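Down below is the structure, laid out as C-alpha cells.
If you're wondering where the values come from, they're calculated on a predicted model, not measured in any experiment.
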Amino acid sequence: MSIQWFPGHMNSARRKAAESMEKVDMVIEVVDARLPQASCNPMIEQLRNARQRPCLKILNKTDMADPVATQAWIDYYNSQKGVTAVALSCKKPSDVARVPKLAMQVAPHRGTALKPLRMMIMGIPNVGKSTLMNALLKKRVAAVGDEPAVTKTQQRLYLGNNMVLTDTPGMLWPKIEHPSDGLMLAASHAVGSNALIEEEVATFLADLLLQRYPQLLKARYGFNPEGMDGVAVVEGVAAKRGFRLKGGDYDFEKAAHTFLQDYRSGALGRITLETPASRAELLATYRSTDNPDALPAEDEEDEEEDYDWRNAPDHRERKD
C-alpha cells in the first residue's frame with residue numbers, strides 16, 4: 001500500500017514557509033521520536049539549507065520511544081552540519097523550558113530587544129508543534145487535536161522581549177518515496193484517515209513489532225507471538241478483546257483500530273519504528289533492489305538538494 005497525502009492547504013503552507021524563511025534566524029523542526037527520519041520533511045531541510053539557517057531538531061514524544069534508539073538518533077543528527085538535536089516531551093513543562101536556551105545556543109548572534117531571535121517552528125502533522133507553541137508561551141495560542149493537520153495557517157508570536165516564534169501548519173511532501181515511510185506515518189497518525197486503510201496499516205505495524213518488540217505484544221495482549229504474522233497479531237487482539245461480528249468471525253476492522261490506538265497512546269510500551277541502522281539498510285535495499293539504476297548515496301543527496309521544492313507541482317489529496 002502506497003500512502004500519499006498532500007491536501008491543498010499544505011501546498012499553500014509550503015510556499016508561505018519559503019517566503020518567511022528569509023526573515024527568520026533558525027528553524028525548530030519537531031519530529032516524532034518513534035520514527036525520526038520518516039517524520040522529517042525533506043522540504044524543510046531544502047528550504048533552510050537554501051537560506052543557510054541552522055536547525056534545532058526536537059525529537060518529541062520521547063517518553064513513548066525506545067530510549068536506546070532515541071540516543072542513537074540524537075548522535076546521528078548531532079553529527080550533521082548545522083543541526084542540534086534534543087529529545088524531549090512537549091507535554092512536560094521542564095522539558096519545554098530547555099528550548100529557549102537551546103535556541104540561543106544555536107543562534108547566539110541574536111536574542112536581544114533590538115535583535116530578537118526569530119524562530120520558525122516546522123514539522124509534519126501531529127508531531128506536537130502546537131503543543132510546543134502553547135507550552136512555550138504558557139497559553140493556548142495554537143489549536144491542538146488528535147487529528148493531523150489541525151493548524152492550517154501561519155502565525156507570528158512573541159516569546160518575551162527577545163524571541164519571536166512563527167508557527168507553521170504541519171506539512172507532508174508531495175511524494176512519499178518509500179512505502180514503509182508512508183505506513184509508519186499512518187501508524188503514528190500523521191496522515192489523514194481518508195488516505196489510508198487501517199487494517200493494512202495495523203498489519204504492517206504488527207509485522208514490524210513482531211521483529212523488534214515481540215515481548216511488548218505478549219505483555220499487552222497476553223498471547224505468545226512466536227510464529228505469528230501481522231494478520232495473526234491483529235486477529236489475536238480481536239480474540240483477546242472479544243471483537244466479533246455476527247456469525248462469530250473476528251471484527252478485524254475494530255481490532256486494527258484498537259491496535260493502532262494502543263501504539264499511538266503509548267499503551268503498548270516504548271517503541272521506535274526505525275533506527276539509523278535500519279534506515280541505512282532500507283536505503284541500501286531501495287538502491288540495489290527497487291531502483292537498480294539509482295545514483296550512489298552521495299550523488300542522490302546532491303540531486304535532492306538541487307531540486308527546488310518551493311516550485312514543486314501542487315499534488316492534491318489522493319484517496320487510495
Side-chain angles (χ1 to χ4, degrees), residues 13 16-17 19-34 36 39-41 44-45 47-49 51-65 67 70-71 73-145 150-151 153-171:
K16 183 64 176 177
E19 295 170 4
S20 301
M21 189 65 68
E22 182 181 3
K23 302 173 185 177
V24 302
D25 304 301
M26 63 170 290
V27 169
I28 297 177
E29 182 182 9
V30 184
V31 301
D32 191 325
R34 299 168 298 177
S39 60
C40 281
N41 186 335
I44 294 175
E45 183 176 5
L47 289 173
R48 70 175 184 80
N49 283 341
R51 292 290 179 181
Q52 298 183 323
R53 298 300 189 255
C55 176
L56 175 61
K57 193 179 291 283
I58 294 178
L59 278 66
N60 186 30
K61 305 183 182 181
T62 187
D63 53 325
M64 294 193 289
T70 297
Q71 187 57 55
W73 280 113
I74 292 294
D75 296 340
Y76 172 82
Y77 288 125
N78 279 333
S79 68
Q80 296 179 353
K81 182 180 178 181
V83 177
T84 299
V86 60
L88 52 79
S89 170
C90 290
K91 292 183 178 180
K92 293 183 178 180
S94 59
D95 281 3
V96 174
R98 299 166 52 199
V99 173
K101 184 177 180 180
L102 289 167
M104 290 294 296
Q105 293 171 357
V106 172
H109 61 292
R110 306 282 300 197
T112 67
L114 291 178
K115 290 186 176 181
L117 177 57
R118 301 165 299 178
M119 302 170 286
M120 183 182 291
I121 298 180
M122 306 183 77
I124 68 168
N126 222 10
V127 289
K129 299 183 308 303
S130 296
T131 300
L132 175 62
M133 283 285 294
N134 293 340
L136 283 171
L137 295 163
K138 298 180 181 179
K139 60 182 179 180
R140 186 181 177 88
V141 295
V144 177
V150 172
T151 302
T153 58
Q154 200 176 95
Q155 59 178 332
R156 196 164 181 262
L157 300 155
Y158 286 84
L159 179 60
N161 295 320
N162 60 350
M163 290 185 174
V164 181
L165 297 169
T166 299
D167 185 26
T168 61
M171 292 185 294

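Within the 4.5 Å cutoff, the side chain of Ile44 has heavy atoms near those of the Val27 side chain. Here the side chains of Val83 and Arg48 are in contact, with some heavy-atom distance below 4.5 Å. By the 4.5 Å heavy-atom criterion applied to side chains, Leu157 and Leu137 are counted as neighbours. Contact annotation: the side chain of Cys40 never approaches that of Glu45 to less than 4.5 Å [non-hydrogen atoms, C-beta and beyond]. The shortest side-chain heavy-atom distance between Met26 and Pro54 falls under the 4.5 Å cut-off. When side chains are defined from C-beta on, Leu117 does not count as touching Val164, because their heavy atoms never get closer than 4.5 Å.
Applying the ring pair (Phe, Tyr, Trp, His ring centres under 6.0 Å) definition to pairs two or more places apart or across chains, none involves residues 96-120. Residue pairs meeting the side-chain hydrogen bond (donor to acceptor under 3.5 Å, both in side chains) criterion with at least one partner in residues 73-97, sequence neighbours excluded, are Gln37-Tyr77, Gln71-Asp75.
Residues passing the side-chain contact (heavy atoms from CB on, under 4.5 Å) test with Lys23, sequence neighbours excluded: none. Partners of Lys57 by side-chain hydrogen bond (donor to acceptor under 3.5 Å, both in side chains), not counting sequence neighbours, listed by chain and number: Glu29. Annotation: side-chain hydrogen bond (donor to acceptor under 3.5 Å, both in side chains) contacts of Asp32 (sequence neighbours excluded): Arg34. Among residues two or more places apart in sequence or in another chain, the side-chain hydrogen bond (donor to acceptor under 3.5 Å, both in side chains) test is passed with Arg118 by Asp25.
In this structure, CD in Gln155 is found 8.0 Å from OG in Ser130, a value given to the nearest 0.5 Å. Rounding to the nearest 0.5 Å places CG of Asp167 at 10.5 Å from CE of Met122. Note: Leu159 CG to Met119 CE = 6.0 Å, rounded to the nearest 0.5 Å. For the atom pair CE (Met21) and OG1 (Thr168), the distance works out to 8.5 Å, reported to the nearest 0.5 Å. Atom CG of residue Asp63 and atom CG of residue Leu88 lie 10.0 Å apart, to the nearest 0.5 angstrom. The CG atom of Asn161 sits 10.5 Å away from atom OG1 of Thr112, with the distance rounded to the nearest 0.5 Å.
With Ser39 contributing its side chain and Pro36 its backbone, the two residues share a donor-acceptor pair below 3.5 Å.
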Scan the side chains in residues 98-106 for donor-acceptor partners under 3.5 Å anywhere in the protein, sequence neighbours excluded, and list what turns up.
none

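Nearest heavy-atom pair, Asn162 versus Ala113, reported as atom, atom and distance to 0.1 Å: CB-N, 4.4 Å. Across every non-hydrogen atom of Ala17 and Met171, the tightest pair is CB-CE, 4.3 Å. The heavy-atom pair separating Thr70 from Ala65 by the smallest distance is OG1-CB, 3.6 Å. For the pair Asn60 and Cys90, the tightest heavy-atom approach, listed with the atom from each and the gap, is OD1-N, 2.8 Å.
Of the candidates Leu165, Thr166, Val30, Leu165 is the only one forming a side-chain contact (heavy atoms from CB on, under 4.5 Å) with Met133.
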Starting from the C-alpha separation in whole Å, work towards a yes-or-no answer on side chain to side chain contact (heavy atoms under 4.5 Å, CB included) for Ile58 and Val31.
-> CA-CA 6 Å; Ile58 294 178; Val31 301; over 6 Å; no
